[in-house]
Amino acid sequence: MNYVGNHSLCSATEAKVSDRSEQPKAKISVTFVDKDGDETVINVPIGMSMLEAAHENDIELEGACEGSLACSTCHVIVTDVDYYNKLEDPEDEENDMLDLAFGLTETSRLGCQVIASPELDGIRLALPAATRNFAVDGHVPKPH
């Protein structure tokens, strides 16, 4: 702090130092189980979707529509019903997309809609053996 007369002045450098004192963002532990049963444990920041977290950690969770609720390729299966019950109920749009998901279960959700929160610390998400992506390269739908 610099003082000029009765006034104190704070330099930009001092302001930046105080900004750095923010706490790092809290994270939760999430285990992804792939189709072969191999497990990958990652730390996910609170507020991040499981789709984003998977992509940032090189976990093969497709997400063809990039989280816009227009596909079911980020389908995950919550392996523990107690964790499933901690999630917000799916919206109608998510349920519509889940109806198209391969290997749908009672605890299926879209990874783009599962958002990390403190109560989900320790959640385990299984990746289905396949996805249904109707917009794959070269696919031309046939008229009915």
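Here the SG-CD distance, from Cys74 to Gln113, works out to 7.5 Å after rounding to the nearest 0.5 Å. Rounding to the nearest 0.5 Å places CD1 of Ile115 at 10.0 Å from CG of Leu87. Rounded to the nearest 0.5 angstrom, Ile59 CD1 and Ile42 CD1 are separated by 4.0 Å. Atom OG1 of residue Thr79 and atom CG of residue Leu125 lie 7.0 Å apart, to the nearest 0.5 angstrom. In this structure, CD1 on Ile46 lies 7.5 Å from CG on Asp121, to the nearest 0.5 angstrom. Distance check: Glu62 CD to His55 NE2 gives 8.0 Å after rounding to the nearest 0.5 Å.
Grouping the Ile, Leu, Val, Met, Phe, Trp and Tyr side chains by contacts below 4.5 angstrom, directly or via other members, places Val33 apart from Leu51. Following chains of ILVMFWY side-chain contacts shorter than 4.5 Å, one can reach Met48 starting from Ile28, so the two form part of one hydrophobic cluster. No chain of hydrophobic side-chain contacts below 4.5 Å, direct or via other Ile, Leu, Val, Met, Phe, Trp or Tyr residues, connects Val44 to Ile77. In terms of hydrophobic clustering, with Ile, Leu, Val, Met, Phe, Trp and Tyr side chains grouped at heavy-atom distances under 4.5 Å, Val30 and Leu120 are assigned to a common cluster. Leu69 and Leu104 fall within a single hydrophobic cluster, where Ile, Leu, Val, Met, Phe, Trp and Tyr side chains are chained together by heavy-atom contacts under 4.5 Å.
Under a 3.5 Å cut-off, the side chain of Ser29 and the backbone N or O of Asn43 do not form any donor-acceptor pair. Between the side chain of Asn57 and the backbone N or O of Ala53, at least one donor-acceptor pair lies under 3.5 Å. In this structure, the side chain of Thr73 engages the main chain of Ala64 through a donor-acceptor pair within 3.5 Å. In terms of modelled atom types and a separation under 3.5 Å, the side chain of Thr105 and the main chain of Ser108 share a donor-acceptor contact.
With a 6.0 Å radius and a threshold of 12 heavy atoms from other residues, nucleotides or ligands, Glu119 has its CD atom above the threshold. Atom CG of Asp36 has more than 12 heavy atoms from other residues, nucleotides or ligands within 6.0 Å. Counting heavy-atom neighbours within 6.0 Å of Glu39 CD, excluding the residue itself, gives a total above 12.
When each of Glu94, Glu88, Met50 is paired with Val114, the side chain to side chain contact (heavy atoms under 4.5 Å, CB included) condition holds for Met50 and for no other.
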Next item on the list: Any chance you could lay out the side chain to side chain contact (heavy atoms under 4.5 Å, CB included) test for Arg109 and Tyr84, step after step, and finish with the verdict?
Entry: CA-CA 9 Å; Arg109 292 297 300 266; Tyr84 181 84; 3.7 Å; yes
Margin query: As a quick check of understanding, evaluate side chain to side chain contact (heavy atoms under 4.5 Å, CB included) for Leu98 and Leu110, giving each step before the final call.
Written below: CA-CA 7 Å; Leu98 282 169; Leu110 296 180; 3.7 Å; yes
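Counting heavy atoms from C-beta outward, Val78 and Ile123 have side chains that approach closer than 4.5 Å.
Ala116 and Pro45 make their closest contact through CB-O, 3.3 Å (heavy atoms, listed as atom of the first residue, atom of the second, distance).
Contact check on Glu60 versus Lys35 returns no salt bridge, with no Lys/Arg side-chain nitrogen under 4.0 Å from an Asp/Glu carboxylate oxygen.
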